[in-house]
Amino acid sequence: MAITYELIKTCKQTGARLGRVHTPHGSFETPMFMPVGTLATVKTMSPEELERMGAQIILSNTYHLWLRPGEDIVEEAGGLHKFMNWDGSILTDSGGFQVFSLSDLRQIEEEGVHFRNHISGEKLFLSPEKAMHIQNSLGADIMMAFDECPPYPADHDYMKKSVERTSRWAERCLEGHNRSNEQGLFGIVQGGEYEDLRRQSAQDLTSLDFPGYAIGGLSVGEPKDVMNRVLDFTTPLLPDEKPRYLMGVGSPDSLIDGSIRGIDMFDCVLPTRIARNGTCMTSDGRLVVRNAKFARDFRPIDENCDCHTCRNYSRAYIRHLVKSSETFGFRLTTYHNLYFLLKLMRQVREAIREDRLGDFREEFFEQYGFNKP
Ligand SMILES: O=c1[nH]cnc2cc3nc(NCCN4CCOCC4)[nH]c3cc12
Ligand SMILES: [Zn+2]
């Protein structure tokens with residue numbers, strides 16, 4: 001269980017906390033954003049570029065790597081760090097979410113989930129034990145318990161049964177987890193938008209003493225005020241001395257609002273996914289670089305950004321590459337978007353240090369355009 005957390009300080013203006021998470025592959029300050037590298041690569045980025053932009057922990061997906069190339073090949077390579085030549089920290093999701101979001105013909109039973117391989121169509125089965133076995137083979141520093149992420153909305157009856165099963169699955173994950181090994185295992189709190197069920201899920205999981213806790217079941221289509229309300233009554237149920245990870249969240253406003261509500265770790269495919277269709281996050285809001293108005297615009301993507309892309313390339317050049325489907329164009333937009341979010345988290349940590357995260361939120365929202373009606 002070699003994952004530890006130290007709380008450095010809490011922002012006097014908000015509930016945000018500055019902390020540090022220690023893993024066998026280094027430590028990182030929180031709140032922190034984790035770039036998503038689903039298939040053991042953060043799409044179009046090299047490990048050297050990830051390091052240069054300040055990434056310290058990345059996420060990979062158990063479900064995808066189990067199907068392709070297979071956890072046995074990754075294990076034979078010496079684990080994910082060796083396989084992808086990344087010596088920072090790695091977290092693997094447990095596969096539950098991908099089963100529910102990617103494949104059809106799902107049959108959820110006490111034992112586990114029967115479903116179809118979304119690539120080949122063959123029938124597959126995933127259980128808490130199997131998810132743990134795959135993650136042990138992949139060798140990430142932080143593993144996630146196998147859970148059900150119910151659809152949004154789900155009625156209270158369905159959600160109650162799902163929470164109780166997810167808690168039983170969490171126990172089975174811990175039983176299957178070889179506590180002596182270096183990998184840490186986080187529990188995932190479910191319960192949808194129901195305060196009584198979030199309380200029940202948090203009680204079940206915190207009694208099992210995981211080294212960290214994720215808040216699941218969010219960023220599944222619910223309005224942002226629902227997410228914020230759920231965070232308001234869920235994060236206080238989690239222990240102060242352990243990291244809290246909000247799964248699947250990565251827009252600038254949600255990263256700031258999640259940090260204010262005591263979240264320490266975030267992940268999302270958003271910055272890398274929108275980069276591949278030429279959409280960039282900038283301090284003045286989103287910029288769609290393929291737009292004709294940028295054909296002769298020789299300014300950087302973001303004039304307030306000091307990233308490699310913004311220091312060396314213009315909107316006109318990147319627009320030309322993106323319009324021509326040149327891979328280099330998507331590398332430039334991806335680098336900038338990830339740098340933008342990693343820099344935002346540095347600014348959030350700075351604001352916590354100086355007890356002014358509420359003021360920072362107002363300034364950022366104003367300039368980015370989140371306050372516009
Ligand atoms: O309860 C969960 N358990 C285990 N993994 C998860 C992953 C999750 N990822 C999201 N949301 C991802 C939303 N993305 C936003 C950008 O576009 C792609 C989807 N919500 C999630 C919930 C869970
Ligand atoms: Zn930039």
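One-based numbering, in listed order, for ligands and for the atoms of each.
Among protein heavy atoms, the minimum distance from atom 15 (C) of ligand 1 is reached at C268 SG, 3.8 Å. In this structure, atom 18 (C) of ligand 1 lies nearest to the protein heavy atom R273 NH1, 3.3 Å. Given atom 5 (N) of ligand 1, the protein heavy atom at minimum distance is D93 OD2, 3.0 Å. Among all non-hydrogen protein atoms, the one lying nearest atom 3 (N) of ligand 1 is D147 OD2, 2.8 Å. For atom 20 (N) of ligand 1, the nearest protein heavy atom (residue, atom name, distance) is L218 O, 2.8 Å. The nearest protein atom to atom 1 (O) of ligand 1, hydrogens excluded, is given as G217 N, 2.7 Å; this is a heavy-atom distance. Among all non-hydrogen protein atoms, the one lying nearest atom 11 (N) of ligand 1 is S219 O, 2.9 Å. Nearest protein heavy-atom neighbour of atom 21 (C) of ligand 1: F97 CE1, 3.4 Å.
Inter-residue side-chain proximity for S251 and L270 is flagged as met; some heavy-atom pair is nearer than 4.5 Å.
With respect to the salt-bridge test (charged N to carboxylate O, under 4.0 angstrom), the residues R353 and E29 qualify.
Using bins of under 30°, 30° to 60° and over 60° for the plane-to-plane angle, the ring pair H118/H64 lands in the perpendicular bin. Using cut-offs of 30° and 60° for the angle between ring planes, the F360 and F364 rings count as tilted.
In this structure, atom 8 (C) of ligand 1 has a protein heavy-atom contact shorter than 4.0 Å.
Of the possible donor and acceptor atoms, none in the side chain of R172 sits under 3.5 Å from a partner among the backbone N and O of R168. A donor-acceptor pair is defined here as one N or O able to donate and one able to accept, closer than 3.5 Å; such a pair exists between the side chain of S167 and the backbone of V163.
With a heavy-atom cut-off of 4.0 Å, M144 does not touch ligand 1 at all. When non-hydrogen atoms are compared, ligand 1 lies under 4.0 Å from neither the backbone nor the side chain of V249.
Assignment of E148 to the shell around ligand 1 is not supported, since no heavy atom sits closer than 4.0 Å. Within the 4.0 Å heavy-atom shell around ligand 1 one does not find G96.
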Q.
Quick one, D209 with K242, criterion salt bridge (Lys or Arg N to Asp or Glu O under 4.0 Å). Give me CA distance, side-chain angles, the key distance, then yes/no.
A. CA-CA 10 Å; D209 189 25; K242 299 204 172 155; 2.6 Å; yes

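P211 and F186 get closest at one heavy-atom pair: C-CE1, 4.1 Å. What you find for G54 and L342 is that their closest heavy atoms are C-CD1, 4.0 Å. Considering all non-hydrogen atoms of both residues, F125 and W66 come closest at O-CH2, 3.4 Å.
For Y313 and F328, the gap between ring centers is short of 6.0 Å.
No side-chain donor from either of T166 and Q190 sits under 3.5 Å from a side-chain acceptor of the other.
Counting the atoms of ligand 1 from 1 in the order shown, those under 4.0 Å from a heavy atom of G216 are 1 (O), 2 (C).
Judged by the 6.0 Å and 45° rule, R349 forms no cation-pi pair with F33.
The distance cut-off of 2.8 Å around the Zn ion (ligand 2) captures these protein N, O or S atoms, sorted by chain and number: C305 SG, C307 SG, C310 SG, H336 ND1.
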